[in-house]
Visitor: 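Here it is, the structure in full.
Read the numbers this way: they start at 1 and go in the same order the structure lists the ligands and their atoms. Numbering of residues begins at 1 and proceeds along the displayed sequence.
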Amino acid sequence: MAKRLKNYIGGEWVESRASVYTPVINPATCETLGECPDSTREDVDMAVRAAQEAFPEWRATPVMNRAQYMYRLKTLLEDRFEDLSEMVVKENGKTRDEARGEVRRGIESVDFAVSVPVLMRNDGLEDLASGIDEDTVRQPAGVFAAITPFNFPAMVPLWFLPTAITCGNTFILKPSPQTPISMDILFEIMEDLDLPEGVVNLVQGGKEASMAIMEHPGVRGVSFVGSTPVAKLVYETCTRNGKRVQAQGGAKNYIAVLPDADMTASVKNIMGAAYGCAGQRCLAAAVVVGVGDAYDKMRDELVKQASALRVGYGLEETTQMGTVISAAAKERIERMIAQGVQEGAQVALDGRSASVNGFEQGNFVGPTILENVTPDNIVAREEIFGPVLSLMKADSFEEAVEIINSSRYGNAASIFTNNGKYAREFKYSVNAGNIGINIGVAAPSASFPFGGQKESFFGDLHGQGMDSIDFYTEKKIVIERWI
Ligand code: NAD
C-alpha cells in the first residue's frame, strides 16, 4: 500500500494537518508510491517553533561536535546509498547511474560541511589603535529553511542542510511534493544520528507550506531552488519579510562549438549534457551554436548518437535515458516542440511518439533535435526542461557570444574549442554563472559556489562553497580595549 507521508518535527514523525494529499507517482510505471500531505501553516508553525526551541542549545554545541554528526551522516548515507538511489529513480524517473551520481554529489556536500570548523574562523587585527584589537566572529543566525525542486530530490536538499546545521543553525526542509520520498528516507537515516530534537525538521507540501515558511517571522533565511517564476516570487516574498534569501532559478544553457574543436569528444559531451536526466537539469545543454562549419560536422553525429539512446525505465540497467517527471511535463514539452516547429524550426529527430515496451503508460519523451533554430524561436528562448536540443548556426565566435548573451537566463554556458584565445574570451565575456570549457555540464563541486546570473539567480550569496558559510552565518565585529 502507498505510504502516507508524515512530517518530521521536533524529533518525531507527526501527521500533517493537511486535508489534501497528492499521490506520488512513479513516472515510468505510473504506480503510486506514496501520498504527500499538502502541509498547512499550522504544520510549518510547529516546525518553526521546534527549530527555534532547539537553536540556543545547538548553537552552543561546540562546532567540532557539530561536525562529528556530519562524519556519522556520511557513513549512514554510504550504508543506505543504494536504497536512496533507488527511490530517486522510482520517484523521479532518471536512470540508476544518474541517481547514484546525484546521491554521490549529495554526500560531497556532507564532506564539505565537515570543514565548517575551519571555514567559520575569521580574521582580526591587533593594535588597530593603541591597545585596541578588532576581531570578526561568525555566529549561526537562527532558523533556516530550504524549498527544493523535483529534479534532484536527494542532492539539492543536501546542498543546504549539512552546512546550515554544522554552522549552528536549525533547519526546516520542504521538498518538492512530486518527489518527497527521498527526503522521507533521508530523515529516517538522520534519526540514527541522534541529533538534538528540532535541529532538523521536514515539512512535506506545496505552495501553502512554502508561503508559510517565507512569511513566518521565526525563519531567518530561505534557500530556494526551482523555476524562475517561483524563484522571483520567493525572492520578493522573503525580502519583503526581512529574510535572507538565495533563490536559484531556471535556465537555458548554451553551448558554442568552434570548428577547431575535437568533434568526437564534443559530441560525446553534448549528448550527456542534453539528454542526461532526460534534460531535466538546470545545467542541461539546451541550445548548441555551431560556429562556421562546426555545425555540419556535429549535426549528423548528434542525430546519429541521439537516435541510438535507449529510453526506458531507470531501474533497468540497459536504460540510458529515463522518463520526464509527469504527464503534465510530457504534454508541456511536446507542446513546446510543436510551437518551435510552427515558428520555423525543423525536426531532425522527433521524440514525441516515444513508447517503451512494458511501460506504455510511462511519461517518455525520446531524444529530440530541432535544427535551423533562430534566436527568437520559443525553443531558443524558454526553458523546456526535457530531452530537446536546439541547433543554431553562427558565422563567427563573436556572433555566438552575442546569441548566448541575449538570453534572459545565465545559469551555465560552455564552449568546445582547442583555441585558448577563444576559450579565454568566452569565460571573460559570457554572462553566465557557471562556465564550461570543453565540459558539457559545468557543475561546480561542493566547495565552490553554484553560480547563476540574470533570471537564473536572485540574491547575493549563492549556494555551496564559501558563499554558503556567509549565508548561514552572521558576522559580528568585536572591538576591545583592556589597557
Ligand atoms: P518549481 O519552481 O515548480 O518548484 C520548486 C519548489 O517550489 C517546490 O518545492 C515547490 O513545491 C515550490 N513551489 C512551486 N510553486 C510555488 C509557488 N507558487 N509558491 C511557493 N512555492 C512553490 O520547480 P520544479 O519544477 O520542482 O523544478 C524544476 C525547475 O528547477 C527548473 O526550472 C530548473 O531549471 C530549476 N532548477 C534550478 C537549479 C539551479 O541550481 N539553478 C537546480 C535544479 C533545478
Side-chain angles (χ1 to χ4, degrees), residues 22 24 27 36-39 41 44 91-94 102 105-106 109 145-160 172-180 182-183 202-215 222-238 245-253 276-286 324-326 328-329 332-333 336 382-386 407-412 432-434 441-444 446 448-459 462-465 467-468:
T22 41
V24 184
C36 181
D38 191 10
S39 288
R41 282 187 180 264
V44 169
E91 64 177 1
N92 171 280
K94 61 180 70 176
E102 146 164 22
R105 281 265 177 170
S109 295
I147 299 170
T148 56
F150 78 81
N151 66 325
F152 285 100
M155 178 185 78
V156 171
L158 288 168
W159 282 352
F160 305 113
I172 299 165
L173 176 67
K174 193 213 75 66
S176 164
Q178 295 189 92
T179 54
S182 301
M183 285 302 100
L202 174 68
V203 177
Q204 300 281 16
K207 292 179 196 172
E208 186 176 345
S210 298
M211 291 309 292
I213 287 170
M214 293 188 276
E215 288 169 353
V222 175
S223 303
F224 171 85
V225 180
S227 59
T228 288
V230 184
K232 254 187 203 167
L233 172 86
V234 167
Y235 182 73
E236 287 165 5
T237 311
C238 287
V245 55
Q246 45 184 195
Q248 302 183 202
K252 190 80 196 174
N253 305 310
C277 301
Q280 298 173 116
R281 277 200 291 222
C282 68
L283 296 175
V324 297
I325 186 67
S326 62
R332 184 199 70 241
I333 294 162
M336 288 181 83
E382 301 297 331
E383 181 175 44
I384 302 176
F385 222 53
S407 171
R408 66 189 173 97
Y409 296 102
N411 217 34
N434 303 292
V441 181
F448 284 82
F450 192 104
Q453 300 180 1
K454 300 199 272 185
E455 298 219 349
S456 294
F457 180 73
F458 303 90
H462 292 78
Q464 301 195 149
D467 273 23
S468 67

Visitor: Within the side chain of K454, is there an N or O that forms a donor-acceptor pair under 3.5 Å with the backbone of S407?
Guide: yes
Visitor: Looking at F450, which atoms of ligand 1 are within less than 4.0 Å of one of its heavy atoms?
Guide: 40 (O)
Visitor: Under 4.0 Å from a heavy atom of N151: which atoms of ligand 1 are those, numbered in the order shown and with their elements?
Guide: 43 (C), 44 (C)
Visitor: Look at atom 23 (O) of ligand 1 and say which protein heavy atom is nearest, naming residue and atom and giving the distance to 0.1 Å.
Guide: S227 N, 3.4 Å
Visitor: Nearest protein heavy atom to atom 17 (C) of ligand 1, by residue and atom, and its distance?
Guide: K207 CG, 3.4 Å
Visitor: Would you indicate whether the side-chain heavy atoms of H462 and F448 approach each other to under 4.5 Å?
Guide: no
Visitor: Could you name the option among A146, C282, G226, G250 that has the heavy atom nearest to atom 35 (C) of ligand 1?
Guide: G226
Visitor: Have a look at N411, V230, I213, L283 and point out the one with the heavy atom closest to atom 15 (N) of ligand 1.
Guide: V230
Visitor: Under 4.0 Å from any heavy atom of F150, which atoms of ligand 1 are there?
Guide: 24 (P), 25 (O), 26 (O), 27 (O), 28 (C)
Visitor: How far is atom 19 (N) of ligand 1 from its nearest protein heavy atom, and which residue and atom name does that atom have?
Guide: L233 CD2, 3.4 Å
Visitor: With the threshold set at under 4.0 angstrom, would you say F457 reaches ligand 1 through any of its heavy atoms?
Guide: no
Visitor: Looking only at side chains, do E91 and S182 share a donor and an acceptor under 3.5 Å apart?
Guide: yes
Visitor: Just let me know how Q280 lines up against ligand 1, side chain, backbone, both or neither, with a heavy-atom cut-off below 4.0 Å.
Guide: neither
Visitor: Verify side-chain contact (heavy atoms from CB on, under 4.5 Å) between F450 and V225, making sure each step is shown before the conclusion.
Guide: CA-CA 11 Å; F450 192 104; V225 180; over 6 Å; no
Visitor: Please answer whether the main-chain N or O of R408 pairs with a side-chain N or O of E455 as donor and acceptor at a distance below 3.5 Å.
Guide: no
Visitor: Name the option, out of G249, P149, P153, that contains the heavy atom nearest to atom 37 (C) of ligand 1.
Guide: G249
Visitor: Provide the number and element of each atom of ligand 1 under 4.0 Å from a heavy atom of S176.
Guide: 9 (O)
Visitor: Quick one: does Q178 get an N or O within less than 3.5 Å of an N or O on ligand 1?
Guide: no
Visitor: Is F152 near ligand 1, meaning one of its heavy atoms is under 4.0 Å from it?
Guide: no
Visitor: Side chain or backbone, does E383 bring an N or O within less than 3.5 Å of an N or O on ligand 1?
Guide: yes
Visitor: Examine ligand 1 and decide if any of its atoms is less than 4.0 Å from a heavy atom belonging to P175.
Guide: yes
Visitor: Assess the side chains of Q204 and S39: does a donor N or O sit below 3.5 Å from an acceptor N or O?
Guide: no
Visitor: If you have a sec, work out which protein heavy atom is nearest atom 7 (O) of ligand 1 and how many Å separate them, to one decimal?
Guide: F224 CE1, 3.3 Å
Visitor: Quick check on contacts: which atoms of ligand 1 are under 4.0 angstrom from a heavy atom of F385?
Guide: 28 (C), 31 (C), 33 (C), 34 (O)
Visitor: Check whether any side-chain heavy atom of P149 lies under 4.5 Å from a side-chain heavy atom of V156, and answer yes or no.
Guide: yes
Visitor: Can you find an N/O atom of Q248 closer than 3.5 Å to an N/O atom of ligand 1?
Guide: yes
Visitor: I want to check something: taking the side chain as every heavy atom from C-beta on, are L233 and M211 in contact at a cut-off of under 4.5 Å?
Guide: yes
Visitor: Are the side chain of N411 and the backbone N or O of G452 linked by a donor-acceptor pair below 3.5 Å?
Guide: no
Visitor: Among all protein heavy atoms in this structure, tell me which lies nearest to atom 10 (C) of ligand 1, with the distance rounded to 0.1 Å.
Guide: K174 NZ, 3.9 Å
Visitor: What about S456: any of its N or O atoms under 3.5 Å from an N or O on ligand 1?
Guide: no
Visitor: Would C282 and Q248 count as a side-chain contact (heavy atoms from CB on, under 4.5 Å) if you check the C-alpha gap in whole Å, the side-chain angles of each, and the deciding distance to 0.1 Å?
Guide: CA-CA 9 Å; C282 68; Q248 302 183 202; over 6 Å; no
Visitor: Check whether any protein heavy atom sits under 4.0 Å from atom 4 (O) of ligand 1.
Guide: no
Visitor: Under a 4.0 angstrom heavy-atom cut-off, which atoms of ligand 1 come close to S210?
Guide: 12 (C), 20 (C), 21 (N), 22 (C)
Visitor: Would you sort out whether R41 and E208 count as a side-chain contact (heavy atoms from CB on, under 4.5 Å), showing the intermediate values?
Guide: CA-CA 7 Å; R41 282 187 180 264; E208 186 176 345; 4.1 Å; yes
Visitor: So do N434 and P444 actually touch side chain to side chain, heavy atoms under 4.5 Å?
Guide: yes
Visitor: State if T148 counts as touching ligand 1 under the rule of any non-hydrogen atom under 4.0 Å.
Guide: yes
Visitor: Report the C-alpha separation of F224 and V245 in whole Å, then their side-chain angles, then the decisive distance to 0.1 Å, and conclude whether the side-chain contact (heavy atoms from CB on, under 4.5 Å) test is met.
Guide: CA-CA 8 Å; F224 171 85; V245 55; 5.5 Å; no
Visitor: Which class fits the ring pair F458 and Y235: parallel under 30°, tilted 30 to 60°, perpendicular over 60°?
Guide: tilted
